[in-house]
Every structure is written in C-alpha cells, then in structure tokens.
Undergrad: 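Pasting a structure below so you can have a look.
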There are 2 protein chains.
Amino acid sequence: MPQQDIYSEYSFLLEKTSRRIKRYAQKQFVAFNFGVTVDQWMVMKHLYPSSQMSQSELAEITFKGTPTLTRIVDLLCAKGLAERMVDGQDRRKSQVHLTETGILKVENMQPKVSQIRKAAWNKLGEQDFEHFQYVLNTIYQNLSV
Amino acid sequence: MPQQDIYSEYSFLLEKTSRRIKRYAQKQFVAFNFGVTVDQWMVMKHLYPSSQMSQSELAEITFKGTPTLTRIVDLLCAKGLAERMVDGQDRRKSQVHLTETGILKVENMQPKVSQIRKAAWNKLGEQDFEHFQYVLNTIYQNLSV
DNA sequence: AGAATTTAATTGCTATGATAATTATTGCTA
DNA sequence: TAGCAATAATTATCATAGCAATTAAATTCT
C-alpha cells in the first residue's frame, strides 16, 4: 500500500463502519418487527410527539435531500404513521405530522432503539467519544466549502 | 435531547460525515471527468495492474455485496475498462481483470484520487488518526457477532 | 400590476445497498 | 454414482442517495 493511499484507507474504514452500524440497526428493526426502516424512524423521531414540520425542514434536520424526504413521507403516510397538511400561510409547503398510530409507534420503539444504538459503542468511554466527535466534525468542516 | 439518545447522535454524526466524504469525492470525480463513480474506482483499484479476481473476492475486499459487484462489473465492462473471463478450474466463477484502457485510467486517476482523498483529513495529525482508527475498529468489532 | 426570481415539493434517472430467490456448477457423501 | 448440499453469479424487489428538471406558489423588482 503506497503511503499516499492511507487517506483512502481511512475513508474506506469510515464508510465501512458507518454501513455496519446502519446494517446492524436495520436488522434489529426487522427482528423487532418495527415495520419501518431506520431512515423512516429518523424522520418520525423528529415529529414526536406533535411537531409540525415541512419536508424541507425535515430534510435539513435529517441531512437528507428533499426528493428522499418526499419518498420517505410517502411511505410513512401509506403506513398510516404520518399525514401531510397543506400549510395555511404557504400553500407550497406541506406540514407533516404523526398520526395517533405514529405517536404510539414512536413511544413503543424509542427505548428499544436506544438499546440498539448503544451496542455499537461498547467498551468506549467519554474521552473516546469526545475525540471521535472532534475528528468527525473536523472532517465535516474540511469538506464544507 | 434525552441522555439515552447520545448514541443515536454519534451514529448520526458518523453517517453524516461518511456521506459527506463520499459526496465530496464523487463531485471531484465528476469535475475531473473521470467517467467512473467512486465505487467503480474502488473495484478498479483492486484489479490494478493485472490482477485477476472473482466477483466474490472483489465483493469481500470492497465490503460490498455480490449483487452490487455484478452491477459494477457490468458497468466497467460496458465502459471497456474491465472484462470477465470464465475461470478454467471453476466455471461458476468469472475472473475479472482490467483492459488496457482500464489500466491506463487507473494510472491517470491514482495521483488525483490521492489528492482528493487527502482533503478530508486536513488539520488532523497522526494521533488523531490512530485514535480514530481505534474507535472505528472497536465499533466494527462490537457489531461483528 | 406584471415580469422575473426564488422556493417547496415532486418526478425521473442512475447508482448503490440489502435481502430473497434462481440458475449453474461443484463438491460431498451415502 | 446418484442425490444432496454448498458455492458463484445473477436477477428481482424495495429503499435510499444524488442530480437534474419540472410544477406550483410565493417573493421581489421594477
């Protein structure tokens, strides 16, 4: 491995680990019969308990694109977990909110999801987290321009 | 933010950063007119200069699934950068190798890709990398069972 | 007010990720 | 050796990511 490729290796390890976390969580979601994907869950969590939010706002807060949000909200609505309401002030916007079923599902899932998410961080301590966050934030800012 | 959700936050930050690295690299690939995606590049790199590898081997080394490899190799073949050869010993396998064009493309891309990959890691030092790798590897192993 | 610009959401397209199912081939074993 | 299990690749399906283009509505600028 040539010296100049170490940065490719770091990027690869980062992507690999990120995918493993996602895959692990998704498998647990299936095992628990949650009936939603990890990404759908992330959107639901931000609407709990009774937030109204436009899709643009949801896209920004979940770091997804607006086309992706359209599709995720489509699926949540099809499952009866969320609903779109046309904004009174601005008819281009749809305010998304959870249905009663959606609220109950979040409440049912929340503690289990916390447990699932915790598994990745075993054997790691406060200092590890802090430094880890520092590195990730630095990378993030390095590529922000 | 409830205390138990900090692990979700860490996972989110990790995924967000991973996606930003990928997106940055892909945009640079387009800007340089490489004509291949980051994932296609990763496969090509492992075949350079004249390796023969089955798709299963490529899948494992790139941490992708075999369906994904099938499609990536399809695309590389369609672009004239790689070729499949039926394995002499085992006719289920196809040995994949770069064409002459593919070899030249890797040689052309390599130094530029190294530069692109380097950008993410600005302002970070040896110790940061080591600790970062330690954390990523720990996560990876935590979820390996 | 009317025209141009901006914004929110949607749609279309390509690529990737994950899983399940299928096909072809190989290896094992009773 | 006949049958069965394991393996390699492919195909199909669904979900997500990213980009470009479109539509509708709101805002801005003369």
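Every chain is numbered from 1, with letters handed out A, B, ... down the list of sequences.
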Undergrad: What are the residues of residues 52-59 of chain A, sorted by number, that bring a heavy atom to within less than 4.0 Å of DNA chain C?
TA: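 Under 4.0 Å from DNA chain C: A:Ser54, A:Gln55, A:Ser56.
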Undergrad: What pairs with B:Asp128 under salt bridge (Lys or Arg N to Asp or Glu O under 4.0 Å), at least two apart in sequence or on another chain?
TA: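 Result, salt bridge (Lys or Arg N to Asp or Glu O under 4.0 Å) vs B:Asp128: none returned.
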Undergrad: What is the distance, to the nearest angstrom, from the CG atom on A:Leu69 to the C1' atom on C:dT11?
TA: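 So the two atoms are 15 Å apart, to the nearest Å.
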Undergrad: Looking at A:Leu104, is its backbone amide N or carbonyl O close enough to the side chain of A:Asn108 to form a donor-acceptor pair, meaning the two atoms are under 3.5 Å apart?
TA: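 Such a contact is absent between A:Asn108 side chain and A:Leu104 backbone.
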Undergrad: Would you confirm whether the ring centroid of B:Trp121 sits within less than 6.0 angstrom of the ring centroid of A:Tyr10?
TA: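 They qualify: ring centres under 6.0 Å apart.
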Undergrad: Is it possible for you to say whether A:Val30 and B:Leu143 belong to one hydrophobic cluster, with membership spreading through side-chain heavy-atom contacts below 4.5 Å?
TA: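 Per the 4.5 Å side-chain linkage, A:Val30 and B:Leu143 are not co-clustered.
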Undergrad: Taking only residues at least two apart or on different chains, which pairs with a member in residues 106-116 of chain A satisfy salt bridge (Lys or Arg N to Asp or Glu O under 4.0 Å)?
TA: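 Passing the test, one end in residues 106-116 of chain A: no pairs.
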Undergrad: For residues B:Gln141 and A:Asn122, is any side-chain donor paired with an opposing acceptor at under 3.5 Å?
TA: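 No, A:Asn122 and B:Gln141 have no side-chain donor paired with an acceptor closer than 3.5 Å.
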Undergrad: Going by heavy atoms closer than 4.0 Å, what residues in residues 72-87 of chain B are next to DNA chain C?
TA: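 Contacting residues: B:Ile72, B:Leu75.
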Undergrad: Quick one: does A:Thr99's side chain have a donor or acceptor within less than 3.5 Å of a partner on A:Leu81's backbone?
TA: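 Yes: the side chain of A:Thr99 pairs with the backbone of A:Leu81.
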Undergrad: Nearest whole angstrom, please: distance from the P of D:dA17 to the NZ of B:Lys16.
TA: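 Nearest whole value for this atom pair: 14 Å.
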Undergrad: Taking only the side-chain heavy atoms of B:Glu15 (C-beta and beyond), determine which of D:dA9, D:dA17, C:dA9 contains the nearest atom.
TA: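 Selected nucleotide (nearest to the side chain): D:dA17.
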Undergrad: Sort me out a list of protein N/O and nucleotides 24-26 of chain C N/O pairs below 3.5 Å, or just none if empty.
TA:
unit_1: C:dT25; atom_1: OP1; unit_2: B:Arg91; atom_2: NH2; d: 3.1
unit_1: C:dT25; atom_1: O2; unit_2: B:Arg92; atom_2: NH1; d: 3.1
unit_1: C:dT26; atom_1: OP1; unit_2: B:Arg91; atom_2: N; d: 3.3

Undergrad: Can you run down the side-chain hydrogen bond (donor to acceptor under 3.5 Å, both in side chains) pairs that involve residues 60-69 of chain A, sequence neighbours left out, and say none if there aren't any?
TA: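 Only A:Asp39-A:Lys64 qualify under side-chain hydrogen bond (donor to acceptor under 3.5 Å, both in side chains).
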Undergrad: Using the salt bridge (Lys or Arg N to Asp or Glu O under 4.0 Å) criterion, which residues pair with B:Asp90? Sequence neighbours excluded.
TA: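 Checked B:Asp90 against salt bridge (Lys or Arg N to Asp or Glu O under 4.0 Å); matches are B:Arg92.
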Undergrad: Check for me, please, whether B:Ile103 and B:Met42 land in the same ILVMFWY cluster - side-chain distances under 4.5 Å, paths through other members count.
TA: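 Linked, B:Ile103 and B:Met42 end up in one cluster.
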Undergrad: Using a 3.5 Å distance criterion without hydrogens, assess whether the side chain of A:Gln52 forms a donor-acceptor pair with backbone atoms of A:Val96.
TA: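 Between the backbone of A:Val96 and the side chain of A:Gln52 there is no qualifying donor-acceptor contact (under 3.5 Å).
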Undergrad: By salt bridge (Lys or Arg N to Asp or Glu O under 4.0 Å), which residues pair with B:Arg71, not counting sequence neighbours?
TA: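 Not a single residue meets the salt bridge (Lys or Arg N to Asp or Glu O under 4.0 Å) criterion with B:Arg71.
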Undergrad: Any residue in residues 37-46 of chain A with a heavy atom nearer than 4.0 angstrom to DNA chain C? Just list them by number, or reply none.
TA: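 Under 4.0 Å from DNA chain C: no residue of residues 37-46 of chain A.
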Undergrad: Would you mind reading off the bend of the helix from C:dA1-D:dT30 to C:dA30-D:dT1 from its two end axes, five pairs each, to 10 degrees?
TA: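 The value is 10°.
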Undergrad: Which pairs with one or both residues in residues 73-87 of chain B pass salt bridge (Lys or Arg N to Asp or Glu O under 4.0 Å), sequence neighbours excluded?
TA: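 Every pair satisfying salt bridge (Lys or Arg N to Asp or Glu O under 4.0 Å) with a residue in residues 73-87 of chain B: B:Asp74-B:Arg84.
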Undergrad: Set out, line by line, the N/O atom pairs under 3.5 Å between protein and nucleotides 18-23 of chain D.
TA:
unit_1: D:dG18; atom_1: OP1; unit_2: B:Arg23; atom_2: NE; d: 3.0
unit_1: D:dG18; atom_1: OP1; unit_2: B:Arg23; atom_2: NH2; d: 3.2
unit_1: D:dG18; atom_1: OP2; unit_2: B:Arg23; atom_2: NH2; d: 3.4
unit_1: D:dG18; atom_1: O6; unit_2: A:Arg71; atom_2: NH1; d: 3.1

Undergrad: Examine A:Arg117 relative to B:Tyr7 and say whether NZ or CZ is less than 6.0 Å from the centre of the six-membered ring and inside a 45° cone about the ring axis.
TA: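 No, cation not above the ring by the 6.0 Å, 45° rule.
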